[in-house]
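Within every chain, numbering begins at 1; the chains are lettered A, B, ... in the order of the sequence lines, protein sequences first and strands thereafter.
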Amino acid sequence: MSNDNRIPYDPRQVEMEAQKLWDENKIFEVQPDQNKEKYYCLSMFPYPSGKLHMGHVRNYTLSEIIARYHKMRGKNVLHPIGYDAFGMPAENAAIKNKTAPAKWTYANMEEMSAQLKRLGFAYDWSREIKTCQPDYYRWEQWLFVRLFKEGLVYRKDAVVNWDPVDQTVLANEQVIDGKGWRSGAEVIRKTIPQWFLKITDYAEELLASLDNMPGWPDSVKTMQRNWIGKSKGLELDFEVSGFGAVSIYTTRPDTLYGVSYMAVAPEHPLAIQAALNNESLTAFLKQCSKEQSNEAAMATMEKKGMYSGFDAVHPLTNQKVPVWVANFVLMTYGTGAVMAVPGHDQRDYEFAQKYDLPITQVIDAEGDLSQSAIVEKGILINSADYDGLDFQGAFNAMAAHFEAQGTGRVQINYRLRDWGVSRQRYWGCPIPIIYCDDCGAVPVPEDQLPVVLPEDVAFDETGGSPIKKDPGFYQTTCPKCGKEATRETDTFDTFMESSWYYARYTCPNFNEGMLSEEADYWLPVDQYIGGIEHAILHLLYARFFHKVLRDQGLVKSDEPFNNLLTQGMVLKDGAKMSKSKGNTVDPQALIDRYGADTVRLFSMFAAPPEQSLEWSDEGVEGASRYLNRLWNQIHSFVARAGTDILVLPKNLNKEQKSLRLKVHQTIEKVTLDIGERHTFNTAIAAMMELTNALQKYNDTEISDLAVLQEGWQSLLLMISPFAPHMAQSLWQSMGHNDLLCEKTWPEIDKTALVQDEIDMAVQVNGKLRATITVAVNMSQNEVEGVALADANVQKFIDGKPIRKVIVVPKKIVNVVV
RNA sequence: GCCGGGGUGGCGGAAUUGGUAGACGCGCCGGAUUCAAAAUCCGGUUCCCUUGCGGGAGUGGGAGUUCGAUUCUCCCCCUCGGCACCA
């Protein structure tokens with residue numbers, strides 16, 4: 001193997017040439033083709049935060065490999081890209097740099113597109129979407145108006161974080177330890193009217209469909225099921241003297257005799273009425289309003305409460321039950337009021353102990369009430385007529401009793417809440433509503449859409465939305481009566497844009513409607529890839545939108561994403577890489593130094609896609625070294641073998657057979673790893689092993705070269721999704737003039753996989769003592785004989801009686817003595 | 001707190017259906033090549049004992065099922081993601 005006259009590997013040159021070839025041939029631009037099987041491969045589109053970070057590179061390389069692989073399998077592959085361009089960081093940058101959010105966003109998109117192109121990703125750029133453009137978001141407004149008319153949209157009061165100094169609404173992320181991140185002022189809960197989408201109307205279908213989605217990871221489906229949180233319980237009215245009936249919701253009516261108090265949320269009407277003549281309760285409610293309202297804070301904060309002064313009547317015993325106001329009761333779940341059973345609910349138990357409320361046992365189950373609540377279900381005790389019933393029996397009997405009385409009913413509840421889509425921010429899609437003193441909230445008529453967001457704006461220090469202070473934007477006339485009216489100045493949650501972009505990619509330039517007929521050719525997405533952090537919100541909203549689009553007659557399928565691959569986070573110093581944490585790794589420096597192919601290869605080799613990846617710069621070197629070696633090996637092979645196509649000899653010798661076995665075993669493994677398992681790290685490892693085998697092979701005659709040529713060519717085909725530029729260049733060096741990415745995936749030759757002999761492990765009492773080589777067709781008895789004949793095996797049997805011999809064909813023999 | 005992941009050599013990871021733990025790569029050690037270096041090539045590399053042959057231990061911790069457990073069950077610890085206005 002001569003290494004003289006080596007052609008040096010120059011990634012920059014090789015990559016430029018390959019990209020030029022692809023561009024000239026427009027090979028990644030696709031149109032519907034009824035004669036080909038379609039394949040829609042999609043990565044979650046990026047927020048244009050500045051430059052690409054390693055999480056992006058990982059995500060896009062994943063979809064890239066899957067897209068190129070399926071193209072080589074003969075499918076019509078759609079692989080689009082775009083930007084989730086609205087969002088808060090643009091406003092922060094605007095305040096910091098005194099530029100308009102639009103300008104900053106467009107500059108970022110330009111920079112990131114250049115980086116994506118430099119990485120050689122096989123996108124159909126003609127379908128690029130930027131969600132901040134009116135020709136995209138107008139259809140979102142259009143859909144909202146449609147849903148408004150159908151009653152799927154409503155307005156109600158909801159809580160926001162209010163910064164009393166900056167006089168502005170803060171995102172949860174902008175509240176740090178209960179204080180505004182800019183002003184440092186103590187943030188308070190404030191209630192303002194906001195728009196909601198009735199996702200709860202679809203709760204049942206969103207839940208039920210999960211049973212029919214085999215292409216999604218179980219973990220994500222479980223998270224979504226738990227998030228939707230369907231439960232069956234009883235809604236019961238407790239009569240409160242001086243107030244009226246208060247409804248509670250419980251999934252454990254069997255514990256009703258154990259109720260020793262009730263608890264209502266601080267925002268509950270009873271709490272508000274009770275506070276009218278009660279100074280300390282007023283102070284308590286005020287204190288509660290300063291507590292963070294997010295669920296994690298609610299769950300971990302100190303449980304506090306105060307007696308409201310009201311008492312309810314127990315619906316079965318007619319005894320007085322005190323009503324407490326408690327900071328841990330959620331106004332947004334159930335009825336905002338709960339019955340408390342300290343004997344059988346741990347949170348109620350701790351609260352009762354703290355405030356010295358009675359704890360009684362009404363369920364007979366394992367546990368010690370002096371230590372903790374007994375939460376297991378069991379037989380009812382101390383429950384009068386209901387004693388002796390089990391959970392289901394008690395549930396049914398109680399339900400029948402209260403339904404007959406008209407004071408209770410069986411109720412299916414969901415933890416899922418309707419989707420609040422109003423944001424009091426500037427850089428988002430304007431909500432197409434006009435407020436008229438006479439006509440109320442009126443949707444903007446279709447022919448007046450889009451409501452365009454003015455882009456030339458300036459921010460002041462407080463971060464308040466410029467359009468809220470811009471009469472040119474909000475002053476308008478009522479579409480119904482023509483009177484002076486005011487435009488809605490809130491914008492949509494950016495999850496709105498990301499809930500349907502996958503569908504718009506199928507017809508991004510369609511001007512006559514939201515989606516064209518092309519949508520049903522491409523949809524649903526065959527493979528969706530993105531961060532696990534989106535397991536619930538984005539993926540649930542997108543599923544909801546798809547069902548809404550279906551019910552609007554815009555798509556025919558029920559679900560948007562057939563297969564989901566959730567990639568793990570790219571971590572740096574143990575935490576999610578994000579601009580706000582300042583722990584990002586800039587892939588550009590790596591591309592400049594090693595080339596795109598190395599960066600792509602390494603990002604796939606470092607870890608399996610679903611696992612989080614702790615980034616380290618070491619190891620990139622290894623990927624680069626591997627590609628260099630491949631480059632040198634193939635050039636050296638061509639120097640020896642030429643570029644003519646060599647014909648495999650009919651009769652292979654032992655070494656040739658063994659090499660072909662390796663080649664076809666690798667094709668089998670890589671095909672499985674890419675196509676089925678999505679374990680690209682092991683696919684690369686297998687290709688490296690094959691490279692080692694081909695490199696070590698000592699060729700002495702022309703037939704050797706034929707076997708090697710088959711091996712190298714197969715390897716180039718298999719590595720081309722990972723390192724497409726180098727693969728293209730080497731493909732040409734091997735004598736081909738065509739585009740490698742349009743070739744078909746290598747075929748497995750089953751005859752090459754046939755083996756005569758295999759290695760088996762021999763254990764004595766479960767410990768490895770020998771390995772033996774046996775003929776494939778040897779019987780179990782013969783294998784046992786060979787195993788027992790081994791000297792080291794005999795040494796450990798040591799004359800002891802053999803109790804049992806287990807032979808697992810082609811794997812292992814275990815001798816038990 | 002609740003829901004869902006993860007924990008394997010010095011490091012990233014492999015072991016696909018309960019069957020040889022550590023593939024592949026990084027790093028490190030030794031050698032070849034070189035005036036020298038880089039690059040490249042060859043060999044070694046879980047830990048402990050042993051010149052070697054070989055032996056013992058070992059997959060976060062503890063228990064269990066099994067001829068056999070990284071893999072299954074139970075308990076615990078650590079860690080990451082999500083928790084509805086970050087995207």
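For Trp631(A), there are no side chain to side chain donor-acceptor pair (under 3.5 Å) partners two or more places apart in sequence or in a different chain. Scored by the ring-ring contact (aromatic ring centres under 6.0 Å, His included) test, Phe328(A) finds Phe351(A) as partners (sequence neighbours excluded). Residues satisfying the salt bridge (Lys or Arg N to Asp or Glu O under 4.0 Å) test with Arg155(A), not counting sequence neighbours, are none. Taking Asp418(A) as the reference, Tyr154(A), Thr200(A) meet the side chain to side chain donor-acceptor pair (under 3.5 Å) condition, with sequence neighbours excluded. For Tyr426(A), the ring-ring contact (aromatic ring centres under 6.0 Å, His included) criterion is met by Phe459(A), not counting sequence neighbours. Judged as a side chain to side chain donor-acceptor pair (under 3.5 Å), and not counting sequence neighbours, Ser293(A) has no contacts. Under the ring-ring contact (aromatic ring centres under 6.0 Å, His included) criterion, Tyr501(A) pairs with Phe45(A), Tyr505(A), not counting sequence neighbours. For Ser43(A), the side chain to side chain donor-acceptor pair (under 3.5 Å) partners two or more places apart in sequence, or in a different chain, are Asn59(A), Ser63(A).
The separation of G58(B) from U20(B), taken at their C1' atoms, amounts to 15 Å, rounded to a whole angstrom.
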I'd like a list of close polar pairs between nucleotides 65-68 of chain B and the protein, N/O only, cut-off under 3.5 Å.
residue, atom, partner, partner atom, Å
C67(B), O2', Asn814(A), ND2, 3.3
C67(B), O2, Asn814(A), ND2, 2.6

Dump the pairs, protein N or O against N or O of nucleotides 10-12 of chain B, anything under 3.5 Å, distances to one decimal.
residue, atom, partner, partner atom, Å
G12(B), O2', Ala606(A), O, 2.5

Check nucleotides 53-57 of chain B against the protein and report each pair of N or O atoms closer than 3.5 Å, with its distance, or say if there are none.
residue, atom, partner, partner atom, Å
G55(B), OP1, Arg769(A), NH1, 3.4
G55(B), OP1, Asn792(A), ND2, 3.3
G56(B), OP1, Arg769(A), NH2, 3.3
G56(B), OP2, Arg769(A), NH1, 3.0
A57(B), OP2, Lys767(A), NZ, 2.7

Distance-only donor-acceptor pairs under 3.5 Å for side chains of residues 758-765 of chain A, two or more places apart:
residue, atom, partner, partner atom, Å
Asp759(A), OD1, Thr773(A), OG1, 2.8
Asn765(A), OD1, Val817(A), N, 3.0

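Residue Val175(A) is classed as having no contact, given no heavy-atom separation below 4.0 Å to the nucleic acid.
No hydrogens or angles were tested; on distance alone, a donor-acceptor pair under 3.5 Å links the side chain of Gln194(A) to the base of C85(B).
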